[in-house]
Participant: 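Here it is, the structure, as structure tokens.
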Amino acid sequence: MLLGAATSAHQIEGGTYNDWSLWEEEGKAPPVGEACNSWERMEEDIALLRRIGANAYRFSLEWSRIEVEEGLFNLKNLFRYRRFVRALLDAGITPIITLHHFTNPVWFYRSGGWLRPDAPDIFARYADLVSKYLPEVKLWITINEPNVYAYRGFVAGDWPPGERSLWKALKVLRHMMRAHSAAYEAIKGNVRGAAVGMAHHLRVFTPVGLLGRIPAALREYMFNFVPVFSEVSGEIPPPVAMMERIRAGGDFIGINYYTRDRVKFSLRQPFGVDVAPEGVWRNSLGWEVYPEGLYTLLKRYSYERPVIITENGMATERHDERVRFVLEHMRQLKRAREEGIDVRGYLYWSLMDNYEWLEGYSAKFGIFTRDRRPKGEFHLPDMWDRA
Ligand code: FCB
């Protein structure tokens with residue numbers, strides 16, 4: 001079992017400059033500053049991983065550091081990641097690399113980004129180059145949460161590029177699925193024994209009232225089902241595409257799980273509205289904590305494949321609450337495993353408090369604090385034994 005933690009480049013490295021940086025400059029997101037300064041101190045992060053007894057670490061490569069202009073690659077930066085990968089392996093920690101965790105190079109963004117018809121080829125070229133130089137990495141995640149990316153950037157519009165068009169969101173999702181497929185081929189061709197997947201953000205949608213079943217089912221289909229099904233079956237279903245064939249991938253299913261939505265019918269909103277009842281367990285951002293949802297989603301979306309919980313975590317100031325969060329989710333994970341779901345890993349989000357996209361540093365998801373002082377004893381393997 002892989003046990004460890006997850007992070008992403010822009011959220012921890014410091015010194016990144018990408019489309020999210022533009023968003024920060026426009027005042028639409030808090031400034032990232034130097035984040036956890038991991039670009040300089042990555043090797044120190046390994047000490048943190050060792051302290052929690054982790055045997056796996058999921059982190060992302062910052063595309064904009066590697067492909068500095070279209071088709072122009074900075075190998076020095078890629079080799080910096082390679083040194084880190086080797087240090088992880090020396091420490092007995094399995095690296096799990098994410099190639100795209102929300103942020104894009106500015107040149108890509110300015111030229112149309114994920115709406116570009118050739119976006120899948122561009123992404124695959126990057127995946128191809130990176131995987132050629134990192135053959136010792138056996139676990140790859142092409143794209144993190146395509147559903148969240150498409151929704152926030154192209155429907156809600158509170159993430160770059162700030163569009164509000166369902167049509168564009170569907171196009172972006174289609175391009176991301178094609179990009180996954182092309183990157184899958186590239187990585188498999190370069191790395192012997194590689195397992196390649198995506199990290200899917202899955203949520204539980206609980207209907208409120210009888211009519212609530214309609215928007216809940218719509219959300220379930222669009223948000224959860226479409227991306228996972230496309231990956232596993234190699235066919236992109238409507239309305240994203242008309243069962244367009246892509247390379248079936250999904251050597252493992254990556255699941256990021258945080259919360260559930262309670263969904264009520266609304267005449268104005270086809271996807272319904274969220275209801276927030278009093279007295280339920282929530283994280284400091286107001287997201288409902290619902291451990292049983294992990295079991296539900298594992299049963300529903302594992303498609304008889306190996307599953308890795310690629311993210312699961314809680315924003316809280318209280319360390320005892322975080323421990324309880326992990327224990328309760330572990331219990332649900334164990335329950336799914338006992339019923340035959342092949343769960344191979346659990347990665348807590350996040351190793352340390354870091355930059356949260358719109359909340360900045362107010363959201364404390366970390367096992368450790370930003371200045372690297374441990375918050376207290378936190379030992380995942382022990383907890384796993386107890387769960
Ligand atoms: C996930 C993102 C991750 C982090 C957590 C809290 O959806 O993948 O970057 O922001 O939420």
Side-chain angles (χ1 to χ4, degrees), residues 4-14 16 18-21 23-24 28-30 32 35-36 38 45 57-63 96-104 141-156 158-160 173 176 180 197-205 219 223-224 227-228 253-261 282-290 293-294 297 301 308-317 321-322 325-326 329 345-368 370:
T7 60
S8 91
H10 190 73
Q11 293 176 278
I12 64 162
E13 283 185 2
T16 40
N18 50 42
D19 58 345
W20 197 273
S21 317
W23 210 239
E24 292 167 22
K28 294 175 179 159
V32 69
C36 306
S38 288
D45 297 347
Y57 181 45
R58 173 183 173 217
F59 63 100
S60 79
L61 306 189
E62 176 58 32
W63 184 7
I96 304 170
I97 283 187
T98 311
L99 289 171
H100 187 273
H101 198 120
F102 298 147
T103 56
N104 299 294
I141 291 165
T142 55
I143 299 177
N144 181 67
E145 304 185 347
N147 52 358
V148 171
Y149 180 81
Y151 175 74
R152 299 301 288 268
F154 297 85
V155 180
D158 54 352
W159 285 17
L173 207 50
M176 285 190 143
H180 163 74
M198 299 178 103
H200 296 282
H201 185 117
L202 301 183
R203 294 167 97 87
V204 171
F205 300 110
R219 288 193 198 192
F223 197 81
N224 289 347
V228 185
I253 310 286
I255 297 180
N256 297 353
Y257 175 65
Y258 289 91
T259 188
R260 74 156 146 183
D261 296 343
R282 298 183 186 282
N283 76 7
S284 66
L285 301 176
W287 309 355
E288 181 175 345
V289 175
Y290 179 58
L294 183 61
L297 293 167
Y301 288 107
I308 299 175
I309 305 304
T310 36
E311 286 178 30
N312 175 237
M314 179 170 190
T316 175
E317 302 273 344
E321 206 184 13
R322 189 183 325 281
F325 176 98
V326 174
H329 284 82
Y346 177 91
L347 304 165
Y348 179 80
W349 181 275
S350 181
L351 180 60
M352 50 214 158
D353 289 340
N354 58 41
Y355 177 80
E356 181 57 26
W357 304 100
L358 292 181
E359 292 81 4
Y361 295 103
S362 65
K364 312 268 188 224
F365 278 98
I367 297 167
F368 294 93
R370 248 183 95 213

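Basis for what follows: all heavy atoms, side chains included, without hydrogens, waters or symmetry-related copies. Just follow the structure's listing: the first ligand is 1, and inside any ligand the first atom is 1.
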Participant: Applying a strict 4.0 Å limit to heavy atoms, is Val148 in contact with ligand 1?
Facilitator: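 False for this residue.
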
Participant: For atom 6 (C) of ligand 1, what is the closest protein heavy atom, and at what distance to 0.1 Å?
Facilitator: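 Going atom by atom, the protein heavy atom closest to atom 6 (C) of ligand 1 ends up being Glu356 OE1, 3.4 Å.
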
Participant: Can you tell me which residue and heavy atom of the protein come closest to atom 2 (C) of ligand 1, and the distance to 0.1 Å?
Facilitator: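 For this ligand atom, the closest protein heavy atom is Glu311 OE1, 3.4 Å.
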
Participant: Apply salt bridge (Lys or Arg N to Asp or Glu O under 4.0 Å) to Arg219 and list each qualifying residue two or more places apart in sequence or on a separate chain.
Facilitator: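 Applying salt bridge (Lys or Arg N to Asp or Glu O under 4.0 Å) to Arg219 gives Asp261, Asp274.
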
Participant: Does some side-chain heavy atom of Asp353 sit less than 4.5 Å from a side-chain heavy atom of Phe368?
Facilitator: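 No. Closest side-chain heavy atoms not under 4.5 Å.
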
Participant: Do any nitrogen or oxygen atoms of Trp357 come within less than 3.5 Å of a nitrogen or oxygen of ligand 1?
Facilitator: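 Such a contact does occur with ligand 1.
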
Participant: Numbering the atoms of ligand 1 from 1, which are under 4.0 Å from a heavy atom of His101?
Facilitator: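 Matching atoms, with element in brackets: 2 (C), 3 (C), 8 (O), 9 (O).
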
Participant: With respect to Trp287, determine whether any N or O atom, backbone or side chain, lies less than 3.5 Å from an N or O atom of ligand 1.
Facilitator: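 Not met; the criterion fails.
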
Participant: With a sphere of 6.0 Å drawn around CZ of Phe325, does it hold more than 12 non-hydrogen atoms of other residues, nucleotides or ligands?
Facilitator: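 More than 12 heavy atoms, drawn from other residues, nucleotides or ligands, come within 6.0 Å of this atom.
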
Participant: Which ligand 1 atoms, with their elements, are less than 4.0 angstrom from a heavy-atom of Asn144?
Facilitator: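 Selected atoms, number and element: 8 (O).
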
Participant: Between Thr98 and Arg58, is the side-chain hydrogen bond (donor to acceptor under 3.5 Å, both in side chains) condition met? List the steps.
Facilitator: CA-CA 7 Å; Thr98 311; Arg58 173 183 173 217; 3.0 Å; yes

Participant: As a test of understanding, state which of His10, Glu62, Gln11 forms a side-chain hydrogen bond (donor to acceptor under 3.5 Å, both in side chains) with Thr103.
Facilitator: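 The passing option is Glu62.
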
Participant: Give the atom numbers and elements of ligand 1 that come within less than 4.0 Å of a heavy atom of Glu145.
Facilitator: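 Those of ligand 1 that fall under 4.0 Å from Glu145 are 1 (C), 2 (C), 7 (O), 8 (O).
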
Participant: Could you tell me which atoms of ligand 1, counted from 1 in the order shown, lie closer than 4.0 angstrom to a heavy atom of Phe102?
Facilitator: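 Selected atoms, number and element: 2 (C), 8 (O), 9 (O).
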
Participant: Could you identify the single nearest non-hydrogen protein atom to atom 5 (C) of ligand 1 and state the distance to 0.1 Å?
Facilitator: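 Nearest neighbour among protein heavy atoms for atom 5 (C) of ligand 1, to 0.1 Å: Tyr258 OH, 3.2 Å.
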
Participant: Establish, from distance only, whether the side-chain atoms of Thr316 and Glu321 form a donor-acceptor pair under 3.5 Å.
Facilitator: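 Yes, Glu321 and Thr316 have a side-chain donor paired with an acceptor closer than 3.5 Å.
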
Participant: Using atom types as modelled and distance alone, determine if a side-chain donor or acceptor of Asn144 lies under 3.5 Å from a backbone N or O of His101.
Facilitator: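 Flag not set: sc Asn144 to bb His101 has no pair under 3.5 Å.
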
Participant: Decide whether Asn283 and Arg322 meet the rule of one side-chain donor and one side-chain acceptor closer than 3.5 Å.
Facilitator: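 Asn283 vs Arg322: no donor-acceptor pair found between side chains.
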
Participant: For ligand 1, which atoms have a heavy atom of His201 less than 4.0 angstrom away?
Facilitator: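 Those atoms are 7 (O).
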
